[in-house]
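For reference, the structure discussed in these notes is given below.
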Amino acid sequence: MVPLENYVALSGILFALGVYAVLARRNAILVLMGIELMLNAVSLNFAAFASYLDPDRVTGAVFAVFVITVAAAEVGLALAIVIRLFRLRATSNVDEAAELKW
Amino acid sequence: MIEGAGPVAAFWGLSALTLLAAGGVVVSRNLFHAVLFLIVVFLGIAGFFLLLSADFLAMAQVIIYVGAIAVLILFAIVLTPRASRDNAETRMAPVALVAGVAVAGLLIPAILDAEWRTLSSAPALPVSDLGRELLGVWVLPFQLASVLLTAALVGAVVLVRSPREEREEIDEEERR
């Protein structure tokens with residue numbers, strides 16, 4: 001049997017890769033992919049905890065379902081914003097959309 | 001949880017595949033390559049769900065992530081044609097690298113150090129239990145999630161309408 005630590009450490013590494021992608025990437029779509037990596041790491045974590053720590057086995061799976069739902073909503077909206085930005089500026093570079101920066 | 005040596009080998013194979021693909025997502029400059037690597041990551045996570053005997057999650061992962069989200073991202077790439085160039089990292093890439101390493105460096109020792117009180121054996125999760133729980137205890141969050149999805153999709157449609165359509169609509173309203 002694979003110990004729980006392996007699953008949690010794997011999802012920690014995936015999460016760190018997602019953090020790097022979100023902070024370092026310049027293209028908004030690539031930033032979004034980093035967020036997807038982080039969300040996937042979290043739902044893997046929920047599923048592993050549900051499987052190893054919870055006798056009922058259900059609650060973690062429910063949370064993973066909600067994570068997947070919210071990810072779907074978030075991606076739809078974020079890509080709409082990217083397409084809108086591209087139409088206004090002909091770029092999807094997040095550095096060039098800095099009007100709200102002080 | 002499935003017993004035996006097979007699942008252990010499957011775990012290590014899947015983690016190598018998933019981590020390599022995630023590294024590909026993080027370093028690849030080509031948006032198409034990045035999205036293909038991302039699909040491999042999604043499939044790897046679905047494999048982990050199967051290993052954890054969460055069958056429904058594995059199925060939902062394949063259908064929603066690979067079937068919907070990856071296709072949506074591909075559409076966005078195709079609709080932003082010139083965005084594929086100039087995909088280098090920002091000037092803050094070293095800082096981001098430090099932040100990522102710091103996150104991993106905080107998490108991994110803590111995880112390995114913690115004492116997990118794991119159950120010796122847990123039964124597989126039947127999908128009917130998950131459904132009963134979702135529409136029983138979690139019915140209010142479930143409804144909220146559907147409202148969120150509706151709002152997000154309406155918002156997306158409003159956002160991507162072309163400026164010409166918007167102008168026509170305003171003209172029509174003024175004529176009335």
> For A:Leu23 and B:Val95, what are the C-alpha separation, side-chain angles and deciding distance, and is it a side-chain contact (heavy atoms from CB on, under 4.5 Å)?
Replying inline: CA-CA 8 Å; A:Leu23 292 178; B:Val95 183; over 6 Å; no
Tell me, out of [options], who's got the most heavy-atom pairs with chain A below 4.5 Å.
options	value
B:Ile73, B:Thr18, B:Leu106	B:Ile73
B:Ile64, B:Leu72, B:Leu107	B:Leu72
B:Val137, B:Ile108, B:Val98	B:Ile108

Would you compute the distance between atom [atom1] of [X] and atom [atom2] of [Y] and round it to the nearest 0.5 angstrom?
X	Y	atom1	atom2	value
B:Arg117	A:Leu53	CZ	CG	10.0 Å
A:Phe66	B:Leu134	CZ	CG	5.5 Å
A:Leu79	B:Leu79	CG	CG	9.5 Å
B:Leu149	A:Glu74	CG	CD	11.5 Å
B:Phe49	A:Leu44	CZ	CG	6.0 Å

Tell me whether [Y] is reachable from [X] by hopping between hydrophobic residues (I, L, V, M, F, W, Y) whose side-chain heavy atoms are closer than 4.5 Å.
X	Y	answer
B:Leu74	B:Val62	yes
B:Leu135	B:Leu148	no
B:Phe32	A:Val82	yes
B:Leu36	A:Ile35	yes
B:Val71	B:Val157	no

Nearest heavy atoms of [X] and [Y], plus distance in Å:
X	Y	answer
A:Val2	B:Pro7	CG2-O, 4.1 Å
B:Ser15	A:Leu10	CB-CD1, 3.7 Å
B:Leu31	A:Met33	O-CE, 4.1 Å
B:Ala156	A:Gly76	CB-O, 3.9 Å
B:Ala114	A:Glu5	O-OE2, 4.5 Å
B:Leu130	A:Ala61	CD1-CB, 3.8 Å

Does the side chain of [X] reach to within under 4.5 Å of the side chain of [Y], using non-hydrogen atoms?
X	Y	result
A:Tyr7	B:Leu52	yes
B:Leu38	A:Leu37	yes
A:Leu30	B:Val25	no
A:Asn40	B:Tyr65	yes
A:Asn6	B:Phe11	yes
B:Trp138	A:Thr59	yes
A:Ile83	B:Phe75	no
B:Leu19	A:Ile13	yes

Checking [X] against chain B: side chain, backbone, both or neither under 4.5 Å from a heavy atom?
X	result
A:Phe46	neither
A:Arg25	both
A:Ser43	both
A:Ala71	both
A:Phe49	side chain
A:Leu85	neither

Side chain, backbone, both or neither: which part of [X] has an atom under 4.5 Å from a heavy atom of chain A?
X	result
B:Leu97	both
B:Ser146	neither
B:Val41	side chain
B:Arg161	backbone
B:Pro126	neither
B:Ile111	both
B:Leu153	neither
B:Ala93	both
B:Val27	backbone

For each of [options], tally heavy-atom pairs with chain B at distances under 4.5 Å, and name the one with the top tally.
options	result
A:Gly18, A:Ala28, A:Ala21, A:Ala47	A:Ala47
A:Val22, A:Val62, A:Val19	A:Val62
A:Leu32, A:Leu4, A:Val70	A:Leu4
A:Ala9, A:Ala41, A:Gly60	A:Ala9

> Is there a side-chain contact (heavy atoms from CB on, under 4.5 Å) between A:Val65 and B:Phe56 once you walk through the steps?
Replying inline: CA-CA 9 Å; A:Val65 168; B:Phe56 175 76; 3.9 Å; yes
>> Around atom CH2 of B:Trp116, are there more than 12 heavy atoms from other residues, nucleotides or ligands closer than 6.0 Å?
In response: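 Yes, enclosed.
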> Any donor-acceptor pair under 3.5 Å linking the side chain of A:Arg84 with the backbone of B:Leu159?
Replying inline: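 Yes, the answer is positive, given that a donor and an acceptor are paired below the 3.5 Å cut-off.
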